[in-house]
Every structure is written in C-alpha cells, then in structure tokens.
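Everything below concerns the one structure shown next.
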Amino acid sequence: MAIALTTEILLVFWVVNAIWIVFAKKTYRVMIFFGVFSLITSVIYLFLGAPDVAMAEAGISAFATIFFIVCIEKYYSRGSGLKAEMASAAKPRNYFKLVAAFAFVAMLCGLFIFFVPTTTEYAYTELRDLYLFQFMRDVGGRNAVTAIYLGYRVYDTLFEALLLVTAVVAVIHLSWFDRTIVADGRHSEVERSRMTKFAMRIVCPIILLFGMYLVMNGHISAGGGFLGGLAFALFLVCRFMVLGVYDLPIEKAMKLEELVFINIIILPIFAIFTGFIYFYGYATEMFQNIYLIAMNFLVGLKVAFGFFVLFYRYIAIERLPDKEEVVEAFDDGED
Amino acid sequence: MPPQMLTFFVIVPVLIAVFLYVFFTLKIARVIAIAVQAAFMVPAAWLLFATQESEIAVTVGDYEGFLGIILRADLLAAVFVCLTVFIFLVVGIYTVQTPYDRTKRLYLFLIFLLEGALIGLFLTRDFFNIFVLVEVSTVVVTILLMYDRERRNLFAGMTFLMVNIIVMQLYLFGLGYIYMLTGVMDMEAASAVLYTMDDRSLALPYALIMTSIASKCSLLPMLTWLPKVNSLTGSRFTIAAIMSGLHIKAGVYLFIRFQDVFGGMGTDFFLVIGIITAVAGVIMALSQTDVRLLLAYSTIAQVGLIITGLSLGDGYSRVGSLFHIVNHSLFKVALFLCASQITYLYHTKDIRKIRGALRQTPLIAAANIMAILGIIGAPLFNGSISKYFLMSGATGATEWIIILINLGTILAFVKYAAIFFGKPLGKVRTEGGDEPDFNRRAVVLGLGIICLALGIGGAQAMDFLFDAPVSLSFWSYLEKVGIFAASVAIGILIYRYAISKREFLPKLNGLSLSFQQICVSIGAFFAVLVIYIGVF
Amino acid sequence: MYIVLAIMLGLLVPYGIRVAIGPSVWDRLLGMNLIACKIIIIIIIFASVSEMTFLMDFAILYAVSGFIGTIFIALFLSERDRRKGQEDKE
Amino acid sequence: MSVQEIVSFIIMGIGIAFMLVGIIGMFQPKKDFYYRLLVACKIDTIGLLTIGIGLAIRHGFSFFTGKIILIIIIIMVLNPLVAHIIAQAAYRSGYVSICKDGDSFDH
Amino acid sequence: MTVGDIHVLEIFPILVFFISFFGLIISRNIVKAIVLIMLMQTSVILFWLGLGARLGNIPPIFQDATEVYDPNTIADPLPQALMLTAIIIGIAVTAINITLLNALFRKYQTVDWQPMQDLATVDERPES
C-alpha cells in the first residue's frame with residue numbers, strides 16, 4: 001500500500017514539473033526542470049516494477065541533458081541569444097493566443113478522457129501468464145523482460161539496433177561540420193579542477209566494472225545489453241572528465257559499431273530464426289545462456305559505441321567555432 | 001522454400017546494406033547493389049505465385065501461439081512487396097551511371113535500409129513491430145531527403161522529423177489502449193476480440209491510430225507539409241520518386257490493414273476526407289509552377305482518390321483502388337524520372353520556362369506522354385481501368401465528384417504537358433555529367449510501355465494480382481471513354497483561356513504551415529474523428 | 001521502516017520548492033542535485049524494505065547518471081556567463 | 001525487535017534528525033547561494049552515510065550490505081565533487097556572494 | 001487508486017501528454033519544443049508501464065526456475081520489453097533532431113520558430 005502512495009506523490013510532483021517546463025521562460029531553467037523530470041520518471045518506473053526501464057531512463061536522461069546543453073551553450077555564448085531571450089521573456093505573452101490554445105487543448109483532453117474505454121480491470125492476462133510460465137523453458141535466463149526482447153521479440157530488437165546505427169550515421173552526415181576528426185590529442189577547453197580529476201579517477205573503474213556486471217548477468221537479474229552499454233558510455237564520459245582530451249577516434253568506433261551490428265543480425269539468425277539451437281535437440285540450458293550472454297554483450301557493445309560516437313561528436317565537433325568550418329560546394333549536378 | 005524464409009525477405013536487404021557500407025569499395029559496392037536488386041526480383045515473384053491460393057504465416061523463432069512476432073504474407077502483401085522490389089530495381093538501374101562523387105556508399109546503405117524497412121512493413125502483422133519499422137523508415141527518409149550537403153533544406157527536414165515523432169506518439173498511445181482491451185499484440189488475434197466490442201469503447205484507440213495513419217498518407221489537414229518536404233528539399237528526383245511512389249503507399253497499406261482490424265468503423269468519414277484531400281490536392285497542383293511540387297501534389301490527389309475508393313465499401317471499387325495504387329506507383333515514378341531528365345536538359349525546374357521538349361528530346365517526351373496518359377486515365381492505359389472500377393462503386397453525388405477530380409487531374413497535367421509543344425526557349429544543356437544517357441531513357445521508356453501493357457491487359461492483371469474475377473463490360477467502358485474525351489476537351493479549353501494567361505491562385509503556391517499550425521491541425525483532425533466515431 | 005520512507009518523501013517537498021523558487025539558476029541546480037541524492041536514499045530504503053537486492057544496481061547507475069547530468073549543466077552554465085562577461089567587456 | 005533492529009533504528013533516527021535540522025539551513029533569509037550549497041552538501045553526504053550504515057546493520061553480513069557499502073563509497077566521492085563543480089561554476093561565472101567577507105562562516 | 005473510473009496511472013500520463021502538447025503549440029523556442037517532445041515520449045512510456053503494473057508491481061525476475069509467483073502482484077513483462085525499445089528509439093530520434101537544430105542555429109543564428117521560418121522560406125523558395 002505504501003508503494004502505491006509513494007508512486008502517487010511522485011506522480012503529482014512529476015506533473016507539476018511538466019507544468020514548470022512549459023511555463024519556464026529561460027532555456028536553462030527548462031534544462032534543469034527536464035533533468036529533475038527524468039530523475040522523477042526513473043523512480044516512478046522503478047515503483048511500477050520495471051527496474052530495466054528505470055535504469056534505461058536514468059542513463060538516457062544523462063545523455064539527453066548533455067546533448068541539449070551542448071546545443072544551448074552555443075546559443076548563449078553568442079550573447080545575442082541571451083539578449084533575444086531577455087527581450088522575448090520581458091515581452092508580455094499575447095494572452096489571447098495563450099487562452100485560445102489552452103481552451104483547444106483542454107477540449108482535446110476532455111474529449112480524450114470522456115472517450116477512455118472504461119474496462120475496469122486488466123481485460124486479458126493469458127498472454128502475460130503464458131510469458132511468465134514459459135519464458136524460462138523457451139528462452140532461458142531468470143529475467144522475463146530480457147527473455148522477451150532477446151528471445152520472443154528479437155525481430156524488434158534487430159530493427160531497434162538498426163535505428164541506433166542509422167541515428168549515429170545521421171548525426172555525422174547531417175551535422176553542420178563536414179569533418180569527422182578533431183585534431184587528435186587536442187585539449188578540450190572545458191576546465192576541470194584537480195579535484196574533479198581525482199574524484200573521477202576513483203569512480204571510473206567502479207562504473208566500468210559495474211557495466212560489465214550488468215552485461216554479464218543481464219538475463220538473471222535486472223540489467224542487460226542496453227544498460228551495460230549505457231554504463232560503458234557513462235564510463236567514457238567520466239574518462240573524458242578525467243583526461244579532458246579528444247583522443248579516441250570516432251571513425252574507428254563507427255566502423256566497429258557496424259561490425260558489431262552485423263553480428264547482432266547473424267547470431268539470432270542461427271540461434272532463433274532457423275530454430276537451429278532450439279529444435280535440433282540442443283535446447284539445453286547451457287546453449288540458451290550462451291546465446292543470451294552473447295546477445296547481451298553484443299547489444300551492450302553496440303549501444304556503448306553508439307553513445308560514444310554521439311558523445312564525442314557533440315562534445316568535440318558540434319562546439320567548434322563557426323569560422324573553422326568551410327563547406328565546399330558540390331557542382332550543381334542533378335541525377 | 002520453408003515459410004521461415006519470410007524473415008529473410010526483410011533481413012537480407014538490411015544485411016546487404018551494412019555489408020556494402022562496411023566492407024566494399026564504392027565501385028564494387030555499386031555493381032553488387034544492382035546485381036542484388038535484380039536477383040531480389042526472383043524471390044519476390046516466387047512470393048506472388050506462392051500466395052495465390054493460401055496465406056504464408058511464420059512466427060519469428062517458431063514460438064507457439066502469439067508469443068513471438070508473426071509475419072504473414074497474403075496476396076495483397078505480396079503485391080506490395082513485388083512493387084517495392086520492382087521500383088527499387090528501376091531506380092537502381094536509373095542511377096547506375098551517376099558519377100562517383102554523387103552516390104557514395106552511404107547512399108546505397110540508406111536505399112537498402114529503406115527497402116528492408118518497407119518490405120518489413122508490408123509483411124508484418126504485429127502492432128509494435130509496425131511502430132518500430134515506421135520509425136526506422138522515417139529516420140532513413142529524413143537523411144535521404146537531406147542527402148546533398150549543399151542543397152539541404154534543413155528547416156523542412158527538421159519539421160518533417162518532429163511532426164513524425166509526435167504522430168508516432170499518438171500511434172503508441174492508441175496501441176496502449178488496444179493492448180489494454182485485447183491483451184495481445186498481433187493483428188489477427190486482436191481483430192477477433194475487437195469485433196465483439198461496440199464502437200463507443202473503441203472510439204479512442206481507433207481515432208488515435210487513424211490520426212497517425214492519416215498523417216502518414218498526408219490526408220487533408222496535414223496536407224501541406226509532405227509534398228513541400230519530399231520534393232522541395234533539394235532532394236534528388238530519384239528520392240522524390242521513391243517518396244511519392246512507395247513511402248505514401250506504405251501509409252495507405254497500413255490504412256487498409258487497420259480498417260480490416262477495426263472492422264471498417266469510420267469508412268464514410270474517410271470517404272469525405274478522401275474527397276476533400278483529392279480536391280485540395282488537385283487545386284494545389286494547379287497552382288504550382290515547380291515541376292516537383294506539381295507532381296507531389298498530384299500524388300496527394302491520387303492518394304485521396306484511392307482512400308475514397310477504399311472506403312466506398314463496394315467490392316469492385318476496393319479492387320479498383322488497389323489496382324490504382326499499383327498503377328499510380330508506376331506512372332508516378334515514370335513522371336518523376338522523366339521530369340528529372342527534362343529539367344536537367346533545360347537547366348530549370350519551372351514549367352513556364354520549358355517549352356518544345358517533344359522536338360528537343362523525342363524519346364523522353366514520348367515516355368513522359370505515355371505516363372501522363374496513364375495518370376489521367378486515357379482509354380488504352382492502366383489509369384482508365386483502375387479509375388473505371390474505382391468509380392463503379394460510387395453512386396450519384398460521389399460519382400460526379402470523382403469525375404470532377406479526374407477533370408482536375410487532367411487540367412493539372414494539361415498544364416504540365418505544355419512543356420512538350422511550342423518552340424524551345426532556353427539553351428539546352430547536353431554536355432557531360434548527369435546527362436540522360438541510354439540507361440535512363442531505356443528505364444523511362446520501359447515504364448511507359450508497362451503502363452500501356454497493364455492498360456491493355458487490365459482485366460487479366462487484376463485477376464492475377466488480386467484474384468478478383470472482373471468482367472469489363474464493353475459498353476460501360478465505352479461510356480467511360482466518352483466521359484474521358486469530353487473532360488479532356490473541357491480541360492484544354494479551360495487551360496487555353498483561364499490558366500495559361502495569368503497565374504492560377506498564385507498565393508496558394510507558397511502556402512506552408514508553421515509547426516504550431518501543424519500540431520493544431522493534427523489535434524483538430526483527432527477531435528473531429530473521435531466525435532464522429534463516438535457520437536454517430 | 002515506512003515512517004523513514006514517508007519522512008524522506010516529505011523532505012522532497014522543500015527541495016522541490018528550492019528548485020521552483022531558487023533566485024539564481026545555481027540554486028535550481030543545487031535543488032536538482034539534492035533531489036537526486038534524496039531519491040537515492042528513498043531507493044535504498046525501498047530496496048531494503050521489499051528485500052529486492054537488484055534495486056541497488058539501479059541505485060548505482062541512477063546516482064552516476066544523475067550526477068553526470070548535473071555536472072554537465074554546471075560546466076556549460078559557467079561557460080555562458082563567462083562569455084557573456086567577456087562580451088560585455090569588449 | 002532484536003538488538004540489531006534497535007541499533008539500526010537509532011542510527012537512522014540520527015540521520016533523519018540531521019536532515020530535518022539541515023532543512024532550516026536551506027531556507028535562511030539573509031544567506032546567499034554559497035551558504036546553502038555548503039549546508040546542502042553536508043546534509044546529503046552525512047544523511048546517506050547514516051541511513052546506509054543503519055540499513056547495513058539491519059541486514060547484518062549479507063550480499064545486500066556489500067551493495068550498500070558500494071553505494072556509500074560512490075556517493076561519498078561523487079557528492080562533494082558535484083558540490084565543488086557547482087561552486088566553481090558559480091564563482092567563475094561571476095555569481096557574487098551577497099554576504100560580507102567572513103560573515104556567513106562565523107556562526 | 002482510481003480517479004472517477006479511470007485508473008490513476010492512466011490520468012497522469014494523459015495530463016502530461018496534453019500539457020506537453022499545449023507547450024508545443026505555444027512555445028516559441030525550438031529547444032523547448034524538442035524537450036516537450038521528449039516529455040510526450042516519457043508520458044506515453046509511463047502509460048504503457050502503468051498498463052503493465054495495473055495488477056501489481058513486483059518486477060518479473062525470479063531467483064530460480066521453480067519459484068511460484070503470486071499472479072496478481074507480479075508486473076507484466078511485455079510492456080516493459082516494448083518500452084525499453086521505445087526509449088532507445090526516442091533518444092536516437094532526439095539526437096538527430098538536436099543535430100539538425102544545431103545546424104539550423106549555425107545557419108540562421110536564431111532558435112525561435114517564427115524568425116527561422118521566415119528565413120527558411122526565403123532560402124528555399126523555388127527559383128521563380
């Protein structure tokens with residue numbers, strides 16, 4: 001009963017936070033409220049009985065904050081951005097548009113709630129019971145969530161992994177800067193005091209070890225490929241805090257990510273699609289565990305490389321001053 | 001081939017995409033790409049024959065019941081898969097000669113990914129899988145639309161991406177309610193449960209999902225930004241051809257699937273929406289001067305027509321609109337590829353500046369005219385067969401409106417056809433680079449001939465593709481020919497006096513919604529749909 | 001044990017007020033950091049109450065990601081005013 | 001209620017009392033940001049330490065206690081670090097402390 | 001636990017969904033628009049997890065093969081697995097969105113909707 005009460009209190013705080021974000025004037029306030037918002041949602045997921053999703057949300061909110069901050073920082077450093085923001089903040093909102101928009105959305109929300117299908121309890125739970133009853137025999141491992149997204153619905157996970165690879169390719173191709181290599185070994189101008197270096201040196205090995213732990217027994221306790229990958233990526237962020245130098249090559253990391261992605265496709269093809277392991281008498285506990293750990297490891301590596309490339313891309317290259325970048329124009333050919 | 005092969009239909013293009021991107025140099029990669037595309041036609045054809053009688057279903061990983069993801073290939077899915085593979089082959093052959101600096105390995109990577117995602121979308125019957133595949137295809141299309149660095153339309157691309165994310169959140173919300181009501185993620189099982197429920201409790205999930213699918217096919221309110229994005233963003237003609245030819249068709253395919261799942265709840269609502277979209281598409285097409293925008297808005301008009309045909313509820317009109325989807329993909333791709341070559345030769349994309357193309361490039365102009373005859377429904381071409389059956393279900397008012405829409409299409413393409421006659425104005429550029437070589441002319445001519453062939457053998461094609469034994473009564477077809485001839489005459493008259501002199505509705509030319517207005521229009525569409533379903 | 005949990009939840013409210021009111025952006029950042037720590041304590045108590053040891057893994061990852069988010073906001077926030085300061089001087 | 005329970009409750013009680021007192025430090029009217037930062041940093045680190053140790057005692061020597069100690073180590077290192085970074089960022093970005101020199105540290 | 005006859009875990013996500021939709025309509029700043037889109041994604045994910053946790057919220061993780069679970073307090077693993085995928089999709093698409101915004105800011109020196117749209121339509125009008 002107490003957990004339900006805790007969840008409701010946190011949900012109220014969650015909604016209040018969303019309202020703050022909508023009505024915050026300065027962009028930096030939006031960032032901080034968004035940080036608090038993600039922290040609260042992560043805990044609410046935990047109280048709803050979803051530790052995997054909670055961990056994913058926590059890790060993702062850290063990276064989302066980094067991406068947003070790098071984007072905002074350029075806006076403010078130009079000075080004009082700040083003046084424009086002050087001016088627009090000072091200018092009174094035209095209340096007519098505000099009230100009209102509010103009325104429209106309130107009508108939509110009322111309509112939505114009016115038509116919510118009122119089935120009292122959970123209509124059908126056979127599928128859930130089937131999953132819980134059978135997943136240990138079919139896919140192995142103790143964690144039902146890992147069994148589903150690595151065993152039953154591995155087809156979804158393939159396309160989701162593909163989307164992450166495409167996102168990394170897109171970030172590099174669509175960005176304003178055509179170059180992919182920062183002058184290796186160049187020190188980042190982000191100041192870090194001695195204390196930061198000292199503290200991060202202690203935390204870094206712990207996170208790396210923790211990431212390996214998450215990957216290795218993802219199928220037994222809460223955790224798994226994504227979270228291990230996120231932990232590795234957080235390790236790289238801490239490493240950047242310690243050394244503060246852009247020395248890891250982005251090009252190689254992208255190539256490795258694609259290689260790992262090819263393995264992510266090939267492994268389920270032999271393990272699940274053709275039913276090789278499970279239906280020619282080899283469906284032993286050992287094979288299942290090998291498959292799950294291998295898949296977790298591969299997915300972890302891919303997510304780690306993906307976020308590594310995104311992080312370094314944002315920290316090193318998206319923050320370059322404009323003058324350095326010369327975009328050579330193609331000839332105006334058309335095919 | 002064991003049914004397990006269905007998964008390889010989707011996995012093979014993705015694997016090839018990544019292999020080409022990682023391992024091979026550009027020269028070898030392009031050769032392999034064309035070889036694979038051609039080889040891929042064989043399994044697609046096999047699928048078409050295999051699904052003639054029965055449907056092939058396979059659970060990925062052979063888990064029993066609805067635990068795993070189930071891929072089903074019935075005849076309709078097979079037709080769409082064949083269409084996708086054929087069009088990617090045509091576009092592949094078309095771009096085989098482009099100079100090396102323009103088609104890097106990333107371009108091949110994205111083209112194969114899009115092909116894999118679209119084929120996956122046509123085969124899968126799992127709700128969440130559709131969400132993942134639509135997201136993948138949206139991201140890939142966003143990159144392709146902004147592929148050329150210097151002619152990149154960043155703002156339209158970002159708006160396209162943001163609107164698509166919001167729309168997919170609506171879809172996920174609706175999916176949540178379906179999972180709550182039916183407790184299962186597969187379409188067949190869900191539709192069995194949903195039939196037993198009354199409209200009132202299904203109003204919300206239906207409205208949420210249908211809003212997202214309507215914006216995928218860019219029906220009325222969300223109309224103005226899709227053509228602006230898929231043609232104006234400096235993207236290449238080939239990408240615009242794939243967008244209009246296939247990407248919108250995926251939206252229409254989802255529309256068909258979800259109408260079956262929900263047992264056709266809002267058909268007459270979508271009848272009205274389809275008609276309005278068609279009329280708006282035609283008017284906007286008439287007011288454009290840029291070639292690509294004219295073709296894009298005419299795609300919207302034809303999609304509106306297809307949605308009307310589908311929601312007429314009559315067996316003939318449904319088969320007619322399915323055949324119209326296939327035809328429309330063919331002649332739209334032909335139109336875009338011809339336009340690409342002609343605009344390259346005349347060095348401008350403005351219709352008003354191109355004149356006398358027939359004398360200048362007879363071969364391309366001939367293919368282009370065949371495609372135009374196809375789209376306006378000339379007697380011997382495939383357009384007439386599909387429009388004939390599409391209209392057969394319409395009665396009274398809707399019939400006249402559809403004739404009006406056809407007249408509008410004819411008007412738009414009469415305006416477009418003006419580029420063939422008169423004496424050539426601008427200096428024609430024929431020197432090196434991307435000039436339309438033998439390959440491109442052959443491709444375009446081939447498409448034109450296919451349009452003609454499908455026109456002549458229409459009834460047999462429809463029987464084979466959609467196993468709908470259709471009888472083409474000679475007299476009613478003759479009557480349709482009469483109507484067609486009359487409307488062409490009217491079209492030329494109107495064009496001669498009304499349109500060619502002064503600009504037709506110039507202000508409609510640059511109409512584009514801001515991001516906030518698009519959100520408001522999505523919300524309004526959702527509200528109207530919910531009220532319609534819930535109350536009536 | 002639930003009393004302790006209730007008190008911790010009660011303690012969230014003042015930090016929420018600090019984030020909402022906080023005169024300067026730095027107070028809000030401080031509030032965010034406080035809420036992150038307070039939530040870690042709530043998780044630890046919840047884990048010990050419901051005897052689920054794997055929640056501690058969550059607490060570790062949660063702690064690291066919460067702090068990294070705060071660190072990067074603070075680092076780039078200082079860039080903002082310093083540059084604004086420089087521009088005013090020029 | 002074994003001895004273990006009572007001892008752990010006492011320690012946790014101390015921790016909670018400390019936090020409640022800390023709240024007052026947070027809302028001092030005259031003080032500025034740096035004062036609040038100092039108080040806040042103390043509250044969190046000590047609060048977590050005491051409640052962590054309380055729980056560790058409650059669970060005796062088990063796998064759970066090992067994890068709690070790991071968490072405490074991480075928080076003990078990270079929390080002062082974050083407070084330091086915020087203070088450095090605030091100072092570098094020109095946030096002037098409204099208290100006079102030495103005023104905020106005497107009592 | 002139910003407000004009216006709708007479960008509390010359903011009301012809050014709907015509220016935040018429409019709050020962020022309202023924010024999208026009135027916000028002038030594109031960065032805030034992207035943040036609000038992430039808010040929308042989070043509210044949809046919470047709605048799904050609310051579905052899974054309607055009965056109970058003990059995570060579906062067992063210690064050994066034969067552990068008997070209490071069917072009406074264990075959470076549903078399927079929404080959790082799906083939402084893990086949805087989160088990763090959300091962050092991947094947001095990363096692309098932010099890259100585009102960064103490029104747009106470099107090109108037009110502004111992050112507000114209206115000025116950027118005016119500048120953009122000037123650049124991309126088809127050469128008449």
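So you know, we letter chains A, B, ... as the sequences are listed, proteins then strands, and number each from 1.
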task: Sort out for me which residue in V132(B), D126(B), L71(B) forms a side-chain contact (heavy atoms from CB on, under 4.5 Å) with Y155(A).
output: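 When side-chain contact (heavy atoms from CB on, under 4.5 Å) is applied between Y155(A) and each of V132(B), D126(B), L71(B), only L71(B) qualifies.
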
Largest heavy-atom contact set with chain A, pairs under 4.5 Å, which of [options]:
options	value
V18(B), I143(B), N129(B)	N129(B)
L133(B), V140(B), I533(B)	L133(B)
A117(B), P205(B), G523(B), G116(B)	G523(B)

Which distance, rounded to the nearest 0.5 Å, do you find between the [atom1] of [X] and the [atom2] of [Y]?
X	Y	atom1	atom2	answer
E258(A)	F19(B)	CD	CZ	12.0 Å
L110(B)	T166(A)	CG	OG1	7.5 Å
H173(A)	Y107(B)	NE2	OH	11.5 Å
L161(B)	L174(A)	CG	CG	9.5 Å
I11(B)	I265(A)	CD1	CD1	5.5 Å
I531(B)	L111(A)	CD1	CG	5.0 Å

- request: Just jot down the ring pair (Phe, Tyr, Trp, His ring centres under 6.0 Å) partners of F112(A), sequence neighbours excluded, or say none.
  value: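 Once residues adjacent in sequence are excluded, the partners of F112(A) under the ring pair (Phe, Tyr, Trp, His ring centres under 6.0 Å) criterion are F173(B), F18(E).
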
Pairing residues for F261(A) by the ring pair (Phe, Tyr, Trp, His ring centres under 6.0 Å) criterion, not counting sequence neighbours: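 If we apply the ring pair (Phe, Tyr, Trp, His ring centres under 6.0 Å) test to F261(A), skipping adjacent residues, there are no hits.
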
Given that the side chain runs from C-beta out, which part of [X] has a heavy atom under 4.5 Å from chain A: side chain, backbone, both or neither?
X	answer
A527(B)	both
L337(B)	neither
F131(B)	neither
V139(B)	side chain
V520(B)	both

message: I'd like to check Y21(B) versus M254(A) (side-chain heavy atoms, cut-off strictly below 4.5 Å). Are they in contact?
response: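 A side-chain contact under 4.5 Å exists here.
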
message: In the structure I gave you, are the side-chain heavy atoms of E135(B) and F159(A) within less than 4.5 Å of one another anywhere?
response: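 The answer is no; the side chains never approach within 4.5 Å.
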
- prompt: Is atom NZ of K255(A) surrounded by more than 12 heavy atoms (other residues, nucleotides or ligands) closer than 6.0 Å?
  reply: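 Atom NZ in K255(A) is packed in, count exceeds 12.
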
query: Is it the case that more than 12 heavy atoms not belonging to F102(A) sit under 6.0 Å from its CZ atom?
result: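 At most 12 heavy atoms, drawn from other residues, nucleotides or ligands, come within 6.0 Å of this atom.
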
task: Would you please test F115(A) and L202(B) for side chain to side chain contact (heavy atoms under 4.5 Å, CB included) and show each step?
output: CA-CA 9 Å; F115(A) 280 106; L202(B) 276 185; over 6 Å; no

- prompt: Is the backbone of I69(B) close enough, under 3.5 Å, to the side chain of Y152(A) for a donor and an acceptor to pair up by distance?
  reply: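 Flag not set: sc Y152(A) to bb I69(B) has no pair under 3.5 Å.
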
task: Please look at S175(A) and chain B and tell me whether the side chain, the backbone, both or neither of the residue comes under 4.5 angstrom of a heavy atom of that chain.
output: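 Backbone only.
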
- request: Among the options L259(A), I266(A), L163(A), pick out the one with the most heavy-atom pairs lying under 4.5 Å from chain B.
  value: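 If we count pairs closer than 4.5 Å to chain B, L163(A) comes out on top.
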
